[in-house]
There are 2 protein chains.
Amino acid sequence: MKPTIRDVAKRAGVSISTVSRVMNAPDTVTEDKRLRVLEAIEELKYQPNSFARGLIYRKSYTLGLLIPDIENLYYAGIIRGMQDACIKLGYSLMICNTDRDEGRLLAYIDAFHEKQVDGVIFASDKLIPEYYEKLAGYRIPFVLVSSHSYEYEVPSVEVDDEAGAYDAVKFLIELGHRKIAMIGFNDPNSVAGPPRCRGFARALAEAGLEHNSGNIVFASHRFEHAYDAARELFAKYPDTTAVFCVADEFAMGVISYLKDRSILVPGQVSVVGFDNVRMAGMFIPKLTTIAQPMYEMGYRSVEKLHELLATGRVQVTRERLQHRLIVRESTREK
Amino acid sequence: MKPTIRDVAKRAGVSISTVSRVMNAPDTVTEDKRLRVLEAIEELKYQPNSFARGLIYRKSYTLGLLIPDIENLYYAGIIRGMQDACIKLGYSLMICNTDRDEGRLLAYIDAFHEKQVDGVIFASDKLIPEYYEKLAGYRIPFVLVSSHSYEYEVPSVEVDDEAGAYDAVKFLIELGHRKIAMIGFNDPNSVAGPPRCRGFARALAEAGLEHNSGNIVFASHRFEHAYDAARELFAKYPDTTAVFCVADEFAMGVISYLKDRSILVPGQVSVVGFDNVRMAGMFIPKLTTIAQPMYEMGYRSVEKLHELLATGRVQVTRERLQHRLIVRESTREK
DNA sequence: ATGAAAGCGCTAACAT
DNA sequence: ATGTTAGCGCTTTCAT
């Protein structure tokens with residue numbers, strides 16, 4: 001049987017309030033009693049029951065996280081940042097993988113409500129009304145990571161997707177490429193998808209290459225689909241010399257396809273990725289990519305949620321962190 | 001303010017006990033009252049407070065998971081299996097990333113205790129006495145995944161590491177290789193390390209190649225270290241034609257090193273990995289590897305923990321799941 | 001079949 | 001400075 005506050009009190013020869021005080025307001029209790037209580041706590045390995053505390057404080061010090069795909073390295077980086085922030089701020093984190101399944105996501109929100117999480121972090125997926133209503137109906141505060149919402153006033157932290165895409169494509173243009181194509185997200189709920197297409201188009205237009213801006217093939221999130229998309233892309237636009245991919249995993253799929261067709265990367269075709277997942281530097285060739293500060297994004301999103309919980313509001317609603325171009329081996333001058 | 005059972009009772013015009021009954025023993029309450037209560041619950045979006053429930057049942061229906069590195073794809077696969085099992089059995093999962101830091105791990109155990117998780121799953125790391133004592137001291141039931149313990153009687157689910165390594169090396173031998181080397185785990189706390197070395201040695205001995213069995217260089221868990229280890233390995237044993245790696249990530253590191261030295265894989269050197277992480281099929285060349293059933297291991301470990309929680313014991317203490325060799329492109333006949 | 005009331009472990013207001 | 005007690009939201013006797 002787990003020891004309770006009563007056991008500690010008995011052992012230390014004091015009342016339960018005194019025990020409670022040494023835990024919550026140590027300086028209101030005399031030295032000797034405090035020491036005795038501390039000793040009893042130590043001996044019994046006592047830890048206050050968080051159910052009882054939760055009942056009183058109405059706080060669980062637990063945060064919920066909803067991510068689309070835990071096998072995607074992008075989220076692994078974000079999670080590390082979140083966990084460190086949680087440790088700093090005294091929260092536990094409940095990570096739930098939705099597998100991009102709407103029903104599953106909704107069920108997790110129910111679970112969060114039941115477990116009384118203090119707040120939730122919603123990653124990447126588009127905040128459709130159904131999700132919003134449910135969260136709002138339960139009055140669960142939440143923030144968005146690598147996503148944002150203009151319909152609703154929800155705090156978010158992300159990267160500037162349009163600018164990231166623009167920088168990637170501009171880099172390709174500066175390398176001398178003139179036949180540039182793109183692999184985008186075909187997920188209609190992708191929030192990063194449209195701005196990255198716009199960034200692609202803007203860089204192209206600026207260089208007088210607007211005739212390329214329709215050269216986009218869409219793929220859903222994984223390597224295999226990007227591989228297939230690459231096939232389609234090179235069938236449609238065979239003279240392409242550079243491909244901008246909206247995810248590193250897409251870049252790997254494209255390179256893999258090219259490799260199977262004995263087309264050299266970067267010798268004949270240059271490829272740029274997006275995210276800078278840990279694998280990007282391990283792939284052959286190492287990926288040139290637009291890096292997102294994943295760790296920091298995770299960290300900030302927890303801090304932001306905490307701010308929201310603590311003060312009821314947030315200084316800056318839509319926060320953007322800096323991306324940067326990392327040039328490695330998958331690109332070359334034309 | 002969240003609605004309580006009292007709000008529901010008032011709205012339905014019954015006592016709180018009746019409300020409680022419709023939730024816990026629906027058939028003991030008359031049709032019409034039950035319906036009224038259900039309606040009230042619906043209207044108020046009432047969900048019982050899990051703190052209050054936890055206080056009574058002394059159960060949180062939450063499980064804790066301790067993993068060494070969430071950025072390692074191996075764990076991502078395991079986690080997916082765990083989450084599905086948790087959904088089936090009605091648990092929530094609290095995933096904690098230890099970064100292989102002992103203090104951090106210990107702190108998470110404290111957090112688990114405080115949050116009263118029903119049980120914990122301990123992944124990969126060796127169960128050192130310190131961990132065991134803490135968990136046992138708190139009386140938290142737990143199981144091990146991709147690990148085991150002979151000192152303590154703790155349920156575990158893993159793969160047969162010795163046999164997996166043996167199969168990998170045997171395959172290399174059958175391919176005609178005679179100069180075989182290995183990259184192992186240098187982590188003294190690795191539980192998979194020693195048996196994989198033994199499997200390596202056994203396959204070698206069986207083929208009269210025992211003079212190779214010292215050809216091992218050790219690396220710590222990541223790509224970069226395997227890259228460096230490969231340098232060391234080929235400096236020491238330059239005529240090596242095949243390398244057995246105890247992790248796919250090591251295999252990638254080795255291949256990357258070889259690539260940088262313009263040594264062809266599998267043309268000149270064959271490489272086998274271990275795990276079959278999702279990246280294994282995406283790498284160039286695609287990795288030949290010993291596949292672990294990660295999803296199933298995760299799933300089973302949760303079921304096993306549940307069995308332990310529900311019955312106080314477990315049918316089979318040390319459970320082993322089947323590995324299998326997957327031949328792809330990183331190996332070739334000598 | 002239903003309601004009243006005790007009690008789970010804790011905190012905080014109130015007494016002393 | 002310390003103890004006594006009400007009450008957080010729920011389940012579960014115990015009456016009725």
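Reminder, nothing fancy here: chain letters follow the sequence lines and each chain counts from 1.
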field: Atom-pair distance (OH on B/Tyr57; P on D/dG9), nearest Å
entry: 17 Å
- request: Mind calculating the distance between CE (B/Met23) and C1' (D/dT12) to the nearest angstrom?
  value: 13 Å
- prompt: With sugar-phosphate meaning primed atoms plus P, OP1 and OP2, does A/Phe51 contact a base, only sugar-phosphate, or nothing at under 4.0 Å between heavy atoms?
  reply: nothing
- prompt: So, A/Lys126 versus A/Ser190: side-chain donor-acceptor pair below 3.5 Å or not?
  reply: no
statement: To the nearest angstrom, the CG-C1' distance between B/Asn49 and C/dG9 comes to 14 Å
query: Between A/Arg100 and A/His221, is any side-chain donor less than 3.5 angstrom from a side-chain acceptor?
result: yes
task: Please work out which of the three classes, parallel, tilted or perpendicular, describes the rings of B/His306 and B/Tyr91, given edges at 30° and 60°.
output: perpendicular
- prompt: Is it true that B/Glu303 and B/Arg300 have a side-chain N and a carboxylate O under 4.0 angstrom from each other?
  reply: yes
field: A/Asn24 vs C/dT11: side-chain N/O to OP1/OP2 distance below 4.0 Å
entry: yes
field: Closest-nucleotide ordering on DNA chain C, the 5'-leading residue of B/Asp32 and A/Val19
entry: B/Asp32
Base D/dG9 to side chain A/Arg58, donor-acceptor N/O within 3.5 Å cut-off: no
task: Output yes when at least one side-chain N/O atom of B/Ser17 is less than 4.0 Å from OP1 or OP2 of C/dG3, else no.
output: no
- prompt: D/dT2 phosphate, OP1 or OP2: any side-chain N/O from A/Lys33 under 4.0 angstrom?
  reply: yes
message: Of the options C/dC14, D/dC14, C/dG9, whose atoms approach the side-chain atoms of A/Arg21 most closely?
response: C/dC14
field: Residues in contact with DNA chain D, drawn from residues 34-48 of chain A - heavy-atom cutoff 4.0 Å
entry: none
Separation of atom CD1 in A/Ile5 from atom C1' in D/dT5, rounded to whole Å: 14 Å
- request: Scan side-chain atoms only and decide if B/Asp118 and B/Ser60 contain a donor-acceptor pair under the 3.5 Å cut-off.
  value: yes
message: Could you tell me if the side chain of B/Glu130 sits less than 4.5 Å from the side chain of B/Leu106, heavy atoms only?
response: yes
- request: Please check the phosphate of D/dT11 (OP1 and OP2 only) for any side-chain N or O of B/Arg53 closer than 4.0 Å.
  value: yes
field: Length of the NZ-C1' vector between A/Lys10 and C/dC10, whole Å
entry: 16 Å
- request: Ignoring backbone atoms, establish whether B/Ser15 has a side-chain N or O less than 4.0 Å from OP1 or OP2 of C/dG3.
  value: yes
statement: Taken to the nearest whole Å, CD1/B/Ile56 to C1'/C/dG9 is 11 Å
- prompt: Between B/Asp84 and A/Arg104, is there a salt bridge with N-O shorter than 4.0 Å?
  reply: yes
Residue mapping more 5' on DNA chain D - nearest nucleotide basis, A/Ala52 or A/Thr18: A/Thr18
message: Is it true that B/Ser92 and A/Lys115 share a donor-acceptor pair across their side chains at a distance under 3.5 Å?
response: yes
Side-chain N or O of B/Thr30 closer than 4.0 Å to phosphate OP1/OP2 of C/dT2: yes
- prompt: Are any of A/Ser20's side-chain N or O atoms less than 4.0 Å away from OP1 or OP2 of C/dA12?
  reply: no
- request: To the nearest Å, give me how far apart CZ (B/Arg6) and C1' (D/dT11) are.
  value: 12 Å
- request: Rounded off to whole Å, could you give me the CD1-to-C1' distance for the B/Ile16 and C/dG7 pair?
  value: 12 Å
